[in-house]
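We're numbering straight along the sequence, starting at 1.
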Amino acid sequence: MTQIFRFAPSPNGLLHLGHAASALLNAARARETGGRLLLRIEDIDVSRCRPEFEAAIYEDLAWLGLAWETPVRRQSEHFADYRAALQKLDAMGVLYPAFESRAEIARLVAERDAAAREETGPWPRDPDGAPLYPGDAKHMPAAERAARLAAGAPHVLRLDLEAALAALGPRAKALAWEERGAGPAGETGTVAARPDAWGDVVVARKDVPASYHLAVVVDDAVQGVTEVVRGRDLFSATSVHRVLQALLGLPAPVYRHHGLVLDADGHKLSKSTGATGLRAQRAAGQTPADIRRLIEPVV
């Protein structure tokens with residue numbers, strides 16, 4: 001079977017060394033296996049993504065010497081795929097709307113932190129450090145829920161993890177993935193999924209038809225991706241992805257999580273913190289060979 005790989009950046013900033021490492025690793029795996037390399041533009045959040053950043057992605061990848069198949073899948077052109085997945089999940093009874101604002105969520109977390117600290121410690125956080133959903137929207141009376149939705153109240157759709165695992169039955173305990181790279185603690189081989197670490201994650205917002213978690217599993221299935229090569233910071237999120245794949249009847253690719261390119265303080269590079277972009281490094285006179293040397297410890 002032909003192996004299919006993908007590099008899937010978001011056009012909400014310029015690519016940096018971390019992106020280069022992932023793109024080059026995907027390209028290397030495609031060459032090693034005689035497989036295909038796809039490029040996917042993850043622009044589902046249209047409020048943050050910009051055409052100029054998408055154009056820069058193509059330019060930077062071509063400068064690195066990469067080639068990919070066309071046409072490129074752009075998430076903003078496939079909202080119907082995500083809505084269909086949401087409808088399937090909703091029919092299974094594993095979604096519920098939550099109406100709290102970010103400020104209300106922060107207040108609830110603060111209250112639960114204060115109440116829990118005396119007995120069990122701070123309110124639990126997910127693997128990314130964000131607090132688990134502290135609200136009780138899934139217990140809201142049906143009439144109140146319907147009235148709020150009819151009034152167009154802002155909301156997100158959350159995955160009811162308890163209901164989701166119940167819907168999977170015995171399959172829930174067997175959820176795992178094949179890891180060909182390594183997790184933060186060196187996990188490799190067959191890795192058991194731990195979706196409980198994430199609580200009831202957001203799968204869609206009123207103005208965005210899918211979260212990253214939902215969109216990525218739908219896209220990978222539609223594109224026939226057989227091996228997902230991505231940064232180790234997404235290792236734990238694979239647990240959520242396995243639940244969604246099982247619920248939606250989607251195939252599970254194998255995963256290869258790789259090390260991260262870190263800054264001088266030991267933090268992963270991020271667009272939000274102003275990590276130096278490939279464009280700036282090119283303007284400073286660096287070559288694609290220089291970039292490959294810089295990321296060699298990761299790849």
Can you check whether [X] reaches [Y] side chain to side chain, under 4.5 Å on heavy atoms?
| X | Y | result |
| --- | --- | --- |
| Ser10 | Asp45 | no |
| Asp60 | Leu64 | no |
| Arg256 | Glu227 | yes |
| Pro195 | Arg242 | no |
| Trp198 | Ser236 | yes |
| Leu247 | Leu159 | yes |
| Phe79 | Ile44 | yes |
| Asn26 | Trp68 | no |

Could you verify whether a donor N or O on one side chain and an acceptor N or O on the other, from [X] and [Y], lie under 3.5 Å apart?
| X | Y | result |
| --- | --- | --- |
| Asp219 | Tyr82 | yes |
| Tyr212 | Glu42 | no |
| Arg230 | His258 | no |

Can you give me the closest heavy-atom contact between [X] and [Y], atom names plus distance?
| X | Y | answer |
| --- | --- | --- |
| Leu250 | Val217 | CD1-O, 3.6 Å |
| Leu132 | Gly199 | CD2-N, 4.1 Å |
| Arg145 | His139 | NH2-N, 4.4 Å |
| Pro253 | Val225 | CB-O, 3.5 Å |

Does Arg293 come within less than 4.0 Å of Glu296, counting only side-chain N to carboxylate O?
->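 Not counted as a salt bridge, because no side-chain N and carboxylate O are separated by less than 4.0 Å.
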Ring geometry between His257 and Phe235 (parallel below 30°, tilted from 30 to 60°, perpendicular above 60°) = perpendicular
Output the distance between atom CD (Gln223) and atom NE2 (His78), rounded to the nearest 0.5 Å.
->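 Atom-to-atom, Gln223:CD and His78:NE2 are 8.0 Å apart.
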Inter-residue atom distance Arg83.CZ - Leu214.CG, 0.5 Å rounding | 12.0 Å
